[in-house]
Amino acid sequence: MTGKFITLEGIDGAGKSTHHAWLVAELQRRGKTVVQTREPGGTPLGEKLRELLLHEPMHLETEALLMFAARREHLAQVIEPALARGDWVVCDRFTDASYAYQGGGRGLAWEKLEALEHWVHPHLAPDLTLLFDVPLEVAQARMAAAAREADRFEREQAAFHARVRAAYHVRAAAEPARMRVIDGGRTLDQVKKQLEEIITSVCS
Ligand code: TYD
């Protein structure tokens, strides 16, 4: 029995966090042992780096390097051991987010991100990536309604989030078998139905 590596992506406010817990519960209901984790973060060191990444101003290359530093630790401590045990890993954001945010959003050259990706995880890619996609206005309205204080990424202009979304679309178009686009603008029940179909196809 081998586990699978599933990642969740989308612009801030796209609703991926809402569906994360449900997805994990659904996999467990189907008898899978699931490790639920997130990036940046997922380890004690990674969570410290997350604090810096979300709140401390920094050069865009520093930001990219710290994202991948946190990822290196996360792979070594959590993701690789879990997959080696045959567990399923559901991770809130992974390397697609670096391409979307540091590449698309901030304008870092994709070649630099490719170099980091090849350094940090040359042989590992998600088996399935769920890209939660909503129009910018919907995402921004959801963020505005959220009670907690916005982080450094959430505070960015609409144009930044539009570039992030466009970069996600480029990646989804390049790898349609791995990246499944979920229209997150529909009702929760409609989204769950689509997720259920996708999960059934990966579980069989
Ligand atoms: P997010 O996943 O949206 O968490 P929450 O739901 O708690 O707000 O926050 C993580 C932020 O980090 C998000 O704005 C995107 C950003 N990020 C990057 O810019 N690059 C990356 O490689 C990763 C993993 C995240």
Side-chain angles (χ1 to χ4, degrees), residues 5-24 36-43 45-75 77-79 89-110 112-121 124-126 129-134 136 138-168 170-171 179 182 184:
F5 182 27
I6 301 177
T7 60
L8 310 182
E9 298 282 357
I11 58 173
D12 293 280
K16 67 181 169 45
S17 308
T18 310
H19 297 288
H20 193 158
W22 179 85
L23 185 71
V24 169
Q36 182 176 356
T37 186
R38 68 169 178 182
E39 290 206 349
T43 65
L45 174 62
E47 292 295 326
K48 287 185 183 167
L49 292 173
R50 179 185 177 93
E51 268 309 298
L52 293 173
L53 280 159
L54 266 49
H55 302 293
E56 191 78 24
M58 63 184 75
H59 188 276
L60 79 96
E61 292 193 351
T62 310
E63 185 177 287
L65 288 163
L66 286 181
M67 289 290 178
F68 275 93
R71 185 162 296 137
R72 185 68 193 87
E73 195 66 16
H74 194 206
L75 283 159
Q77 302 285 342
V78 178
I79 298 174
V89 176
V90 178
C91 187
D92 199 332
R93 300 194 185 280
F94 191 62
T95 295
D96 290 304
S98 300
Y99 283 95
Y101 282 80
Q102 283 65 56
R106 303 236 191 266
L108 184 64
W110 279 39
K112 292 194 174 174
L113 293 161
E114 278 166 354
L116 288 172
E117 180 181 3
H118 291 146
W119 181 7
V120 169
H121 56 97
L124 181 79
T129 298
L130 301 172
L131 174 58
F132 290 89
D133 187 50
V134 290
L136 217 54
V138 175
Q140 305 233 298
R142 283 181 186 164
M143 272 196 287
R148 63 184 179 75
E149 207 189 316
D151 63 41
R152 231 159 49 79
F153 296 99
E154 292 164 340
R155 278 200 302 272
E156 285 289 345
Q157 305 287 323
F160 173 90
H161 295 285
R163 291 195 299 275
V164 171
R165 185 174 181 222
Y168 271 131
V170 168
R171 291 188 66 77
M179 278 183 96
I182 313 286

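All values below come from the heavy atoms of this structure, side chains included, with hydrogens, waters and symmetry mates left out. Just so you know, residue 1 is the first one in the sequence shown, and it goes up from there. Whatever order the structure lists ligands and atoms in, that order sets their numbers, starting from 1.
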(request) From atom 7 (O) of ligand 1, work out which of Arg38, Lys16, Arg50, Glu156 has a heavy atom at the shortest distance. (result)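 Nearest heavy atom to atom 7 (O) of ligand 1 lies in Arg50.
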Scan side-chain atoms only and decide if [X] and [Y] contain a donor-acceptor pair under the 3.5 Å cut-off.
X	Y	value
Glu117	Tyr99	yes
Glu39	His74	yes
Arg171	Thr129	no

Who's the nearest protein heavy-atom neighbour of [atom], and how far?
atom	answer
atom 20 (N) of ligand 1	Gln102 OE1, 2.8 Å
atom 22 (O) of ligand 1	Ser98 OG, 2.6 Å
atom 2 (O) of ligand 1	Arg93 NE, 2.7 Å
atom 6 (O) of ligand 1	Ser17 OG, 3.4 Å
atom 24 (C) of ligand 1	Arg71 NH2, 3.5 Å
atom 8 (O) of ligand 1	Arg148 NH2, 3.0 Å
atom 3 (O) of ligand 1	Asp12 OD1, 3.1 Å
atom 21 (C) of ligand 1	Met67 SD, 3.3 Å

Report yes or no: does a heavy atom of [X] sit under 4.0 Å from some atom of ligand 1?
X	answer
Arg152	no
Glu9	no
Glu63	no

Once you restrict to heavy atoms under 4.0 Å, what part of [X] touches ligand 1? Side chain, backbone, both or neither.
X	value
Ala97	both
Pro40	both
Arg106	neither
Glu39	both

Under a 3.5 Å distance rule, please check whether [X] uses its side chain to pair with a backbone N or O of [Y] as donor and acceptor.
X	Y	value
Arg152	Leu53	yes
Gln36	Cys91	no
Arg50	Pro40	yes

(request) Considering only NZ, NE, NH1 and NH2 on the basic side and carboxylate oxygens on the acidic side, decide whether Arg71 and Asp96 come within less than 4.0 Å. (result)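 Result for this pair is no, no salt bridge flagged.
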(request) Applying side chain to side chain contact (heavy atoms under 4.5 Å, CB included), name anything that partners Val170, two or more places apart in sequence or on another chain. (result)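 Side chain to side chain contact (heavy atoms under 4.5 Å, CB included) list for Val170, sorted by chain: Trp110.
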(request) Look at the rings of Phe153 and Phe160 and say which category their plane angle falls in: under 30° parallel, 30 to 60° tilted, over 60° perpendicular. (result)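 Taking Phe160 first and then Phe153, their aromatic rings sit tilted (interplane angle of 30° to 60°).
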(message) Classify the ring geometry of Tyr101 against Tyr168: parallel below 30°, tilted from 30° to 60°, perpendicular beyond 60°.
(response)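 Ring orientation of Tyr101 relative to Tyr168: perpendicular.
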(request) List every atom of ligand 1 that sits less than 4.0 Å from any heavy atom of Glu154, numbering the atoms from 1 in the order shown and giving each element. (result)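 Those atoms are 8 (O).
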(request) Begin from the C-alpha positions of Leu23 and Leu130 and carry the test side chain to side chain contact (heavy atoms under 4.5 Å, CB included) through to its verdict. (result) CA-CA 11 Å; Leu23 185 71; Leu130 301 172; 3.9 Å; yes
